[in-house]
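In what follows, a structure is listed as C-alpha cells, so that the remarks can point back to it.
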Amino acid sequence: MTTEIIGVDQFNAGADKRAGELIASGRLVVFPTETVYGLGSDATDPEASKRIYAAKGRPSDNPLIVHIAHPEDAEPYAVTCEAYYRLAAKFMPGPLTVILPKKDSIPSETTGGLDSVAIRCPAHPIARKLITLSGVPIAAPSANLSGKPSPTNASDVICDMNGRVDMIIDGGESEIGLESTIVKLDGDRAILLRPGAITVDALSCVLDRVEIAPSVTEMLGENERPLSPGMKYRHYAPDAPLVLLDGEDSDVLEFMKSSPSSAVLLCYDEEVDALEKDHRLIAVGRKNDLASVAHRLFSALREADRLGASVNYAHLPPRDGLGLALYNRMLRAAAHTVLKTDKGK
Ligand code: TXA
Ligand code: MG
C-alpha cells in the first residue's frame, strides 16, 4: 500500500478531514500524541482492529488502547466509576490510561478477548482533532513494529510503518517520549500496570491506595500471566544486548571508561567529554533531569541498533518518580541484565 505522509501544515489545511474519514472507514492512520506516536483506526470495528494487529505484526491477544476526546465520551464503551472521574478531573486530557469493564460496543478484537477496555484521552491537539473529526473512538497501539521501541518522531515511524498504513501525520518529536501510565480500576483497588509520566505519587493524591503490579519491576515466571498482556512480550530490546550498570554515578563512569571500544555507551550529557575520545556514545539526557532521558530513550535504543555495537551499556535508572517508568522500560530492554559496578567496595 502507498502511505501518504503529511505534515502539520497540510493537516491543518484540510488533510485533517481526510484523516478522519480514513479512520471512520477502518483504514490506518499514524498520528502524534504527547507520549509516543499511535497507529489508529476505528475501535468499534473488529476488521479495523485486525488491520492494526497485522500492520504491527502484533499478537492479537495484546489489547489496544481506546482513545477518546473527553473523559465522559467513555460512557458508551466502558463501565465508569467515581474513581475514574476523579482521575479524569486531575489527569485528562493527558498521559493516563484507565482500564475499566468494557461494554458491548467495543468488540473483543479490540480488547484482545478481554472483558475490560483501556481508555485514554490524549492531550495532543492533532490526536484530539483526529478523534473529533473521525466521529469514532480510536483504537491505537504505539506505532512501532511489535518488539521495537515506540516511535517518538516521524522518521522512526516511517522506518517501521511506511507501506503498512494509509497515512502518517508528522507532528515532530513526542513531548514525553514514554507511553502513558496505565491504571486498572477494580472495585476499590487501583493497580498500576505500566508506569509513565503520571507517577505513583501523583496518582496517590487522587486514589486512596495504588498497588504496583509485580510485572512493573520483576521478571515474570515462565507460566505467570501478567494483568496487562503487553508485559509478557519481548519489548524495546536492541539487537545487541543491553546491560544496565548499577552503582554510584562515578563508578558507572569508570566502568564505561574501561569498557571495550566495540561497546556503545548510553551516557548522560555531562559524561560525553570524559568518554567521547575512546567510545561510541549516545547521550540520553541530563543526569538530574529524568524527563530529558524519557524524551530521548526510545530513539536512543533505535540509534544503538544503527551503530551496531557488540554490547550496549547504560545507567540503571532510579525507581522513584518518573524513574520508575524509565526503570521499567530499560529493564525490559535489557532482559533484566543488571551489573553492579561497585562490587567489593
Ligand atoms: O501512550 C500510550 O499509551 C500510547 C499512545 C499511542 O496512546 N499507546 C500505547 O499502546 O502505548 P500499546 O498498545 O503499545 O500499549 C498498550 C498496553 C499494552 O501493554 C496492553 O497489554 C495494555 O496496554 N492494555 C490494553 N488494554 C488492556 C486491558 N484491557 N487490560 C490490561 N492491559 C491492557
Ligand atoms: Mg506498544
Side-chain angles (χ1 to χ4, degrees), residues 28-41 43 49 52-53 55-68 74 77-79 91-103 106-124 126-128 130-131 137-152 156-157 160-161 169 171 174-186 191-198 213 215-216 220 225-237 294 298 325 328-329 332-333:
L28 304 179
V29 177
V30 175
F31 61 97
T33 84
E34 71 279 22
T35 56
V36 300
Y37 276 75
L39 162 52
S41 197
S49 291
I52 293 177
Y53 288 116
K56 271 182 75 83
R58 175 171 181 154
S60 58
D61 66 347
N62 191 0
L64 308 175
I65 294 179
V66 175
H67 297 69
I68 54 174
Y77 315 115
V79 182
F91 302 116
M92 291 184 186
L96 178 69
T97 296
V98 182
I99 312 281
L100 296 164
K102 93 171 183 68
K103 291 186 177 168
I106 297 294
S108 65
E109 282 80 359
T110 301
T111 61
L114 296 181
D115 53 11
S116 56
V117 60
I119 298 286
R120 162 154 145 74
C121 181
H124 196 294
I126 292 181
R128 298 180 63 73
L130 190 59
I131 298 166
I138 299 184
S142 49
N144 51 284
L145 287 174
S146 190
K148 292 237 193 174
S150 300
T152 54
D156 289 347
V157 170
D160 284 11
M161 288 299 157
I169 305 167
S174 309
E175 187 187 330
I176 295 172
L178 296 178
E179 308 90 342
S180 59
T181 301
I182 303 183
V183 180
K184 183 175 174 120
L185 293 179
D186 192 2
I191 310 163
L192 178 77
L193 302 187
R194 182 174 72 183
I198 311 246
S215 58
V216 168
L220 287 171
R225 279 185 41 189
L227 289 165
S228 181
M231 289 292 172
K232 74 180 176 211
Y233 294 109
R234 182 176 177 269
H235 232 272
Y236 317 124
F298 286 155
N328 167 265
R329 305 307 192 281
R332 298 174 73 203

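Values reported hereafter were calculated over all heavy atoms of this structure, with side chains retained and with hydrogens, waters and symmetry mates removed. Order of listing sets the numbers, starting from 1, for every ligand and every atom in it. Fair warning: this is a prediction, and the values are worked out from it, not measured in the lab.
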With distance as the sole test, does [X] use its side chain to make a donor-acceptor pair with the main-chain N or O of [Y] at under 3.5 Å?
{"X": "R329", "Y": "F298", "result": "no"}
{"X": "Y77", "Y": "I119", "result": "no"}
{"X": "R120", "Y": "I182", "result": "no"}
{"X": "Y37", "Y": "S174", "result": "no"}
{"X": "T181", "Y": "G196", "result": "yes"}

Give the atoms of ligand 1, by number and element, whose distance to some non-hydrogen atom of [X] is under 4.0 Å.
{"X": "G38", "value": "6 (C)"}
{"X": "H67", "value": "5 (C), 6 (C), 7 (O)"}
{"X": "S180", "value": "1 (O), 2 (C), 3 (O)"}
{"X": "R58", "value": "12 (P), 13 (O), 14 (O), 18 (C)"}
{"X": "I65", "value": "3 (O), 8 (N), 9 (C), 10 (O), 16 (C)"}
{"X": "A118", "value": "25 (C), 26 (N)"}
{"X": "L114", "value": "28 (C), 29 (N), 30 (N)"}
{"X": "V36", "value": "4 (C)"}

Contact (N/O only, under 3.5 Å) between [X] and ligand 1:
{"X": "N62", "answer": "yes"}
{"X": "S116", "answer": "yes"}
{"X": "K56", "answer": "no"}

Please state whether T111 comes within less than 4.0 angstrom of ligand 1, counting heavy atoms only. no

At a non-hydrogen distance cut-off of under 4.0 Å, which region of R120 contacts ligand 1 (side chain, backbone, both, or neither)? side chain

Can you tell which of S142, A213, P122 gets a heavy atom nearest to atom 12 (P) of ligand 1?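 Selected option, by shortest heavy-atom distance: S142.
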
Taking the minimum heavy-atom distance to atom 33 (C) of ligand 1, which of P151, P32, P63 ranks first? P63

Candidates S180, S142, P141 - the one meeting side-chain contact (heavy atoms from CB on, under 4.5 Å) with V36: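 Exactly one option meets the side-chain contact (heavy atoms from CB on, under 4.5 Å) with V36, and it is S142.
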
Option among M161, K56, R58 that satisfies the side-chain contact (heavy atoms from CB on, under 4.5 Å) test with L145: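 Of M161, K56, R58, side-chain contact (heavy atoms from CB on, under 4.5 Å) with L145 is met by M161 alone.
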
Restricting to non-hydrogen atoms, name the atom on [X] and the atom on [Y] that form the minimum distance, rounded to 0.1 Å.
{"X": "G38", "Y": "A143", "value": "C-CB, 3.8 Å"}
{"X": "V98", "Y": "L96", "value": "CG2-CD2, 3.9 Å"}
{"X": "R128", "Y": "C121", "value": "NH1-SG, 3.8 Å"}

Just wondering, is there an N, O or S atom on S150 that's nearer than 2.8 Å to the Mg ion (ligand 2)?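 No N, O or S atom of S150 is closer than 2.8 Å to the Mg ion (ligand 2), so no.
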
